[in-house]
Amino acid sequence: APSAPPPPSNTVVPPSLPPYFIKGSIIQLADGELKRVEDLKTEDFIQSAEISSELKIDSSTVERIEGSHTSPNFAVVQFSVGEHRAQVSVEVLVEYPFFVFGQGWSSCCPDRTTQLLELPCTKLSVGDVCISLTLKNLR
Amino acid sequence: NVEPRSVPVFPWHSLVPFLAPTQSD
């Protein structure tokens, strides 16, 4: 079973761009199947979450995208998460890719994502619905 | 003999950058 990431605070700052977003990175789905990161589909995330005993898919709608006050290389993306529309902001590098339902990888600066990671990417926009995760059976 | 270099394999859930907030109902 996958080990769950730590609980969220309202703002999450990933330390750097993780290596698994580089084109060609091998990703293991919950059923054991291996896929390249650029070949992942929405169904892969949904089916993996269905198999997972800990995690389930939630939808996060992009409500606002603005430049970070700390660095021009960062952006703050505000999401409305799940049916309760909980507000979560994440501060990420502008090239950080999010997976948009039915669309694929998207970032605030897709040109930079493609340049740095070679990952095919579209522009993340307000209204896009991204894949996020939540824990199952939380009380 | 040269050992084959192992290719890192990443779990699918690591690609999602954050967990949604816990719902309390």
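All of these numbers come straight from a predicted model, not from anything done at the bench. Here is the naming used below: chain letters follow the sequence lines, and residue numbers restart at 1 for every chain.
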Novice: Please determine whether residues A/I46 and A/F98 belong to a single hydrophobic cluster, defined as Ile, Leu, Val, Met, Phe, Trp and Tyr linked transitively by side-chain heavy-atom distances below 4.5 Å.
Specialist: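 Hydrophobic grouping puts A/I46 with A/F98.
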Novice: Less than 4.5 Å to any heavy atom of chain B: does that hold for the side chain of A/F99, its backbone, both, or neither?
Specialist: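 Neither part; nothing is under 4.5 Å.
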Novice: Would A/I22 end up clustered with A/V92 when hydrophobic side chains under 4.5 Å apart are linked, directly or stepwise?
Specialist: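 The answer is yes; both residues are in one hydrophobic cluster.
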Novice: Cut-off 3.5 Å, no hydrogens considered: what does the side-chain donor-acceptor table look like for residues 69-77 of chain A, sequence neighbours left out?
Specialist:
{"residue": "A/T70", "atom": "OG1", "partner": "A/S68", "partner atom": "OG", "Å": "2.7"}
{"residue": "A/T70", "atom": "OG1", "partner": "A/E91", "partner atom": "OE2", "Å": "2.7"}
{"residue": "A/S71", "atom": "OG", "partner": "A/N73", "partner atom": "N", "Å": "3.0"}

Novice: How about A/S52 and B/W12: do any of their side-chain heavy atoms sit closer than 4.5 Å?
Specialist: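 They are in side-chain contact.
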Novice: Is atom CD of A/E118 surrounded by more than 12 heavy atoms (other residues, nucleotides or ligands) closer than 6.0 Å?
Specialist: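 At most 12 heavy atoms, drawn from other residues, nucleotides or ligands, come within 6.0 Å of this atom.
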Novice: Considering all heavy atoms of both residues, which atom of B/V7 and which atom of A/I26 are nearest to each other, and what is their separation?
Specialist: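 Distance-wise, the nearest heavy atoms are CG1-CG1, 3.8 Å.
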Novice: Report yes if the side chains of A/V37 and B/F10 come closer than 4.5 Å at any heavy-atom pair, otherwise no.
Specialist: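 Of all side-chain heavy-atom pairs linking B/F10 with A/V37, none is under 4.5 Å.
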Novice: Could you see if A/L116 belongs to whatever hydrophobic cluster contains A/L93? Use Ile, Leu, Val, Met, Phe, Trp, Tyr and a side-chain cutoff under 4.5 Å.
Specialist: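 Looking at the clustering, A/L93 is in the same group as A/L116.
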Novice: What distance separates A/I27 CD1 from B/H13 NE2, expressed to the nearest 0.5 Å?
Specialist: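 With rounding to 0.5 Å, CD1 (A/I27) is 10.5 Å from NE2 (B/H13).
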